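These figures come from a predicted structure and were not determined experimentally. Order of the sequence lines fixes the chain letters, A, B, ..., with proteins taken first and strands second; residue numbering starts at 1 for each chain.
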Number of protein chains: 2
Amino acid sequence: MSRKEQIDQVATSLFRSRGFAATTMRDLALELGIEAGSLYSHIKSKEDILQRVCFKMADAFVAAFEQVQNKAVPASEKLQLAVAAHVRVLTQNPEAAGVFLNEWKHLSEPTLSKFSQMRHRYEEGFREIVREGIANGEFRVTDEKFVVLTLLSSLNWLHTWYKPEGKMNPDQIADYLSNLLLNGLLNTELHAQNA
Amino acid sequence: MSRKEQIDQVATSLFRSRGFAATTMRDLALELGIEAGSLYSHIKSKEDILQRVCFKMADAFVAAFEQVQNKAVPASEKLQLAVAAHVRVLTQNPEAAGVFLNEWKHLSEPTLSKFSQMRHRYEEGFREIVREGIANGEFRVTDEKFVVLTLLSSLNWLHTWYKPEGKMNPDQIADYLSNLLLNGLLNTELHAQNA
DNA sequence: CCTACCGATCGGTAGG
DNA sequence: CCTACCGATCGGTAGG
């Protein structure tokens with residue numbers, strides 16, 4: 001791992017736990033065992049790091065979604081696959097996911113607009129699947145915006161409690177979660193594995 | 001409204017949109033049309049404001065939950081009432097809710113521990129309801145922790161998109177959301193009102 | 001990668 | 001509520 005990658009990784013962890021604004025370059029340097037000034041031979045600025053972390057995650061979410069998007073399967077199954085893909089990206093990088101979800105607001109223009117656009121397109125992909133499912137009668141709700149917001153909300157809180165050493169692996173979480181959301185608490189038969 | 005309450009309100013809005021750490025006392029003073037130093041005749045410190053906002057919301061959530069907790073109704077109905085109560089608190093103070101949910105980490109000890117404890121007890125209340133529903137066969141899931149985390153997750157993202165001027169009022173959102181979560185996307189018959 | 005340092009800005013205070 | 005200011009700390013740079 002290059003020094004730059006090390007810096008990004010340690011910064012991701014600090015940005016997530018303390019927040020971007022409350023993390024100082026001296027905190028970061030201390031954690032790496034070097035002086036604050038030395039960071040700047042590897043990175044351009046503090047925000048430079050944040051940009052890389054945010055777009056690395058944005059790219060990962062988009063790439064995972066694109067593998068699902070055009071499959072010739074019912075909307076409910078496609079939605080399940082998209083949820084699983086989303087959960088997998090989240091659980092494989094819980095710290096970067098936390099930064100992606102909570103610290104993007106500290107990006108400055110024009111990067112901020114580019115980021116917001118990517119995010120909006122991603123959510124639109126989910127809405128398309130739900131619209132498809134409404135159109136062909138699989139889903140009986142009417143408001144795809146509301147559904148997608150609720151869906152992504154429950155997924156996007158995952159990073160706050162997911163522990164890699166926990167009893168469920170990412171695929172089990174993805175299964176359980178998509179079943180819970182599609183079938184509802186009253187009808188879900190699935191059980192937490194190894195509980 | 002007292003000057004202190006005005007300060008808290010404007011600070012809540014700034015803390016939510018920029019984050020606690022990235023909001024300066026000079027930003028806050030500017031918004032109020034006074035000098036930064038003048039703030040300190042009304043408040044003790046920057047964190048003093050954060051504490052009031054966080055505990056005001058914590059108290060509101062706990063109070064709303066307690067009105068539901070001991071009702072003699074089935075667990076699924078009690079859960080629905082608790083969800084509705086939670087949504088009502090969230091939507092009535094979306095900015096303070098955002099601060100409560102995202103900025104509490106900037107509290108310092110011993111306030112931080114006290115806050116975390118309150119929050120844990122609140123979530124435990126939800127888990128109790130779900131356990132009750134599992135025990136009497138209403139819910140067929142096995143892991144109340146997972147269910148409650150998923151439930152609160154989808155509720156706690158509400159503040160990021162809820163607009164008081166939107167087409168659904170808080171009670172309609174509460175209804176729709178609790179139905180969606182209990183019955184699932186595949187079985188929910190409810191429609192967004194005025195859509 | 002370090003030393004030494006910069007201009008700016010931070011939360012907060014004294015005195016009126 | 002303002003003026004005037006404090007010590008500390010911030011992100012970042014020059015020169016080696």
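- Salt-bridge annotation for A:E132 and A:K78: present, with a side-chain N of the basic residue lying under 4.0 Å from a carboxylate O of the acidic one.
- Relative orientation of the A:F65 and A:Y122 rings is perpendicular, given thresholds of 30° and 60° on the angle between their planes.
- In this view, A:E103 satisfies the salt bridge (charged side-chain N to carboxylate O under 4.0 Å, His left out) rule with no residue, not counting sequence neighbours.
- Listed by chain and number, the residues in a salt bridge (charged side-chain N to carboxylate O under 4.0 Å, His left out) with A:D59 amount to none (sequence neighbours excluded).
- Residues A:S38 and A:D27 each lie close to DNA chain D; by heavy-atom proximity, the contact nearer the 5' end of the strand is made by A:D27.
- DNA chain C is contacted by B:Y40, B:S45, B:K46 of residues 40-52 of chain B, taking any non-hydrogen atom closer than 4.0 Å.
- For the pair A:I7 CD1 and D:dG12 C1', the interatomic distance rounds to 14 Å; values are reported in whole Å.
- Where DNA chain C pairs in unbroken runs of 3 or more (Watson-Crick or G-U, both distances under 3.5 Å), the stems are C:1-16 with D:1-16.
- The pair B:E124-B:R127 counts as a salt bridge, with a side-chain nitrogen and a carboxylate oxygen less than 4.0 angstrom apart.
- In this structure, A:L32 places its CG atom 11 Å from P of C:dC2, rounding to the nearest Å.
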Restricting both atoms to N or O, compile the protein contacts to nucleotides 4-9 of chain D shorter than 3.5 Å, with distance only.
none

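- In this structure, the CG atom of B:L39 is 10 Å from the P atom of C:dG11, given to the nearest Å.
- Electrostatic pairing of B:R52 and B:D48 counts as a salt bridge here, judged by a charged N lying under 4.0 Å from a carboxylate O.
- In this structure, CE of B:M25 is placed 14 Å from P of D:dC1, rounded to the nearest angstrom.
- Under the 3.5 Å distance criterion, with hydrogens and angles disregarded, no donor-acceptor pair is assigned to the side chains of B:E95 and B:T12.
- Screening residues 10-20 of chain B for salt bridge (Lys or Arg N to Asp or Glu O under 4.0 Å), with sequence neighbours left out, gives B:R18-B:D27.
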message: Applying side chain to side chain contact (heavy atoms under 4.5 Å, CB included) to A:I173 and B:F146, what does each step give before you reach the verdict?
response: CA-CA 9 Å; A:I173 291 178; B:F146 191 90; 4.2 Å; yes
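- One finds no salt bridge joining A:E123 and A:K145 here, because no Lys/Arg side-chain nitrogen approaches an Asp/Glu carboxylate oxygen to under 4.0 Å.
- Taking atom CD on A:E35 and atom P on D:dT13, their separation rounds to 17 Å, with Å as the unit.
- The residue from A:F15, A:F55, A:F20, A:F115 that alone fulfils the ring-ring contact (aromatic ring centres under 6.0 Å, His included) condition with A:F100 is A:F115.
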